[in-house]
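Here is how names work: the chains are called A, B, and so on, in the same order as the sequence lines, proteins then strands, and each is numbered from 1.
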Amino acid sequence: MSRTEEFVRFKPVVVVVGPTAVGKSRVAVRLAKRLQTEVLAADSRQVYRGMDIGTDKPTLEERDGVPHRLIDLVDPDETFNAGIYRRTALPEIDRLHREGRLPLVVGGTGLYVRTLIRGLCEGPEADPTFRAELEEEARRKGAEVLHRELTRVDPKSAARLHPHDQVKIIRALEVYHLLGRPLSSIHQRHGFGELPFSPLLIGLMRERKALYRRIEERVDSQLARGLVDEVRGLLARGYDRRLGSMKGLGYRQIAAYLAGDCDYTEAVRLLKRDTRRFAKRQLTWFRKEPGILWLSLAEDEPVEQLTNKVLAMIEGFLAGLGREAQANKQSGRMAAAGVTAG
RNA sequence: GCCGAGGUAGCUCAGUUGGCAGAGCACAGCCCUGAAAAGGCUGGUGUCGACAGUUCGAUUCUGUCCCUCGGCA
């Protein structure tokens with residue numbers, strides 16, 4: 001069987017995850033070069049054009065000739081979400097398989113990774129008008145009314161969601177509004193049980209202290225590279241602070257400073273703090289994601305050494321591909337697809 | 001050396017007319033199915049500077065000592 005036939009048949013996908021600033025991008029470029037493939041980003045912020053420094057998008061030089069896909073997909077005032085990501089990513093993965101290349105997904109957006117390897121339920125597209133109406137209603141009558149409304153139409157979702165979690169309450173109401181069926185029933189049917197690929201999940205990790213130090217260093221570097229000017233430019237082009245894209249790390253805090261909400265020092269402090277908290281949330285998410293093989297990086301781990309480690313894992317994974325795919329078919333939907341949890 | 005102010009959570013501090021100490025920040029744990037770098041939830045045992053005394057009981061009152069910061073020498 002040729003490599004292309006094998007890839008098309010077993011659909012292997014290598015996924016590298018980990019918290020922000022752990023060092024994913026650097027190793028990704030080297031892996032892609034050695035595998036003669038491309039980098040598929042799983043990053044909800046790098047999809048925005050013109051948001052480069054704040055999202056720590058690799059520069060052309062850093063990409064070193066390796067094509068990076070799934071970045072620069074939309075302008076900052078366009079909607080983007082997990083569903084759009086998945087629909088855009090699947091054809092790229094398919095294309096690489098047909099070219100006999102191993103898809104290499106790299107990113108820190110846990111939900112986006114999950115929509116690739118375990119699917120996404122058949123929910124309706126977001127409805128901005130309806131959302132705006134609900135937000136207005138909550139503003140007028142208080143936040144609790146939405147949760148009460150959800151208790152009426154979808155008690156299961158209401159019980160699961162805290163009354164303060166307006167974002168998710170609105171999504172649940174939106175699903176009922178558009179479909180006439182509760183979100184909970186759609187979730188129940190789906191259960192993240194799809195297994196469209198044979199994934200190899202590799203998680204990169206560092207000691208908490210070392211990770212936090214790297215985060216601070218990266219924020220300093222982003223500021224030195226002109227983060228403030230980038231944010232100023234986006235605002236000048238009319239991208240409002242209230243846009244979802246402008247609520248991301250870096251943009252939110254610097255826009256607050258530029259608007260005079262706080263001084264520069266405070267903005268930097270908050271940006272570092274919020275990035276630390278974000279990394280912590282990512283770790284919580286990935287820790288419970290089944291099937292991740294974790295690699296703990298040493299403080300001074302050379303990138304080449306890490307690349308070799310990961311390549312060795314990939315070789316083993318590819319060698320067992322037919323067998324693993326067979327086993328998965330037999331053990332059905334519950335299988336964690338090709339790897340055991342670490 | 002003398003005079004004053006203070007030593008309480010990782011930090012900044014509040015407080016107890018004597019009854020097993022509390023806020024902000026920091027931090028930690030968690031949830032998540034088309035907003036996910038978003039959004040939400042939970043978590044406070046700390047020799048109340050040390051030792052002795054008074055008291056049923058002291059972080060609180062008394063004494064001595066140690067340390068920090070001012071001022072005067």
OP1 or OP2 of B/A38 sitting under 4.0 Å from any side-chain N/O of A/R281?
yes
Pairwise 5' ranking along RNA chain B for A/E174 and A/R252, keeping only the more 5' one
A/E174
Are any of the side-chain heavy atoms of A/E217 and A/K272 separated by less than 4.5 Å?
no
Distance, P atom - from B/A21 to B/U47, rounded to whole angstrom
13 Å
5′-ward residue of the pair A/H164/A/G54 relative to RNA chain B
A/G54
Which nucleotide in the set B/U33, B/A36, B/C27 lies at the smallest distance from any side-chain heavy atom of A/T109?
B/A36
Under 4.0 angstrom, heavy atoms only, what part of the nucleic acid is A/E135 near: base, sugar-phosphate, or nothing?
base
Just checking A/G244: base, sugar-phosphate only, or nothing, at a heavy-atom cut-off of under 4.0 Å?
nothing
Taking the side chain as every heavy atom from C-beta outward, state whether A/E230 and A/Y251 have any atom pair closer than 4.5 Å.
yes
For nucleotides B/G24 and B/C20, find the distance between their C1' atoms and express it as a whole number of Å.
25 Å
Side chain to side chain, A/L146 and A/K141, heavy atoms closer than 4.5 Å
no
Separation of the P atoms in B/C61 and B/G7, to the nearest angstrom:
12 Å
Between A/K288 and B/C32, does any side-chain N or O lie under 4.0 Å from OP1 or OP2?
yes
Atom CD1 of A/I71 and atom OH of A/Y48: how far apart are they, to the nearest 0.5 Å?
14.5 Å
If we take the C1' atom in both B/U16 and B/C48, what is their distance in whole Å?
11 Å
Counting the atoms with a prime plus P, OP1 and OP2 as sugar-phosphate, which does A/Y85 contact under 4.0 Å by heavy atoms, base, sugar-phosphate, or nothing?
nothing
How would you label the contact of A/G83 with the nucleic acid (heavy atoms, under 4.0 Å): base, sugar-phosphate, or nothing?
base
Expressed in whole Å, how much space separates the C1' atoms belonging to B/C66 and B/G10?
23 Å
Ring centres within less than 5.5 Å and planes less than 30° apart: is that true of A/F192 and B/U33 in this structure?
yes
Is A/R114 close enough and on-axis enough to A/F192, meaning under 6.0 Å and within 45°, for cation-pi?
yes
Please verify the inter-ring angle class for A/F80 with A/Y85; under 30° counts as parallel, over 60° as perpendicular, anything in between as tilted.
perpendicular
When all nucleic acid strands are considered with a 4.0 Å heavy-atom cut-off, which category describes A/T115: base, sugar-phosphate, or nothing?
nothing
Determine the Euclidean distance between corresponding C1' atoms of B/A28 and B/G44; express it in Å to zero decimal places.
12 Å
From the candidates B/G34, B/A26, B/A28, the one with an atom nearest any side-chain atom of A/R273 is B/A26
So what's B/G34 paired with, Watson-Crick or G-U wobble, going by both distances under 3.5 Å?
none
Is A/R252 close to A/R241 at the side-chain level, that is, under 4.5 Å between some pair of heavy atoms?
no
Nearest-0.5 Å distance, CZ of residue A/F197 to CD1 of residue A/I117
10.0 Å
Kindly point out which of B/G29, B/C30, B/G34 is positioned nearest to the side chain of A/R287?
B/C30
When you measure from the side-chain N and O atoms of A/T284 to the phosphate of B/C30, is any distance below 4.0 Å, counting only OP1 and OP2?
yes
Face-to-face contact A/H187 to B/U33 six-ring, under 5.5 Å, under 30°:
yes
A/D165 has its side chain closest, among B/G34, B/G39, B/A28, to B/G39
Which of these nucleotides, B/U33, B/G29, B/C30, is closest to any side-chain atom of A/H190?
B/U33
Sticking with atom P, work out how far B/U12 lies from B/C51, rounded to a whole angstrom.
23 Å
What interatomic distance, in whole Å, is found between P of B/C27 and the corresponding atom of B/U64?
44 Å
Close residues, residues 39-53 of chain A, relative to RNA chain B [heavy-atom separation under 4.0 Å]
A/D43, A/S44, A/R45
Nucleotide nearest A/A126 (side chain, heavy atoms from C-beta), chosen from B/A26, B/C32, B/G34
B/G34
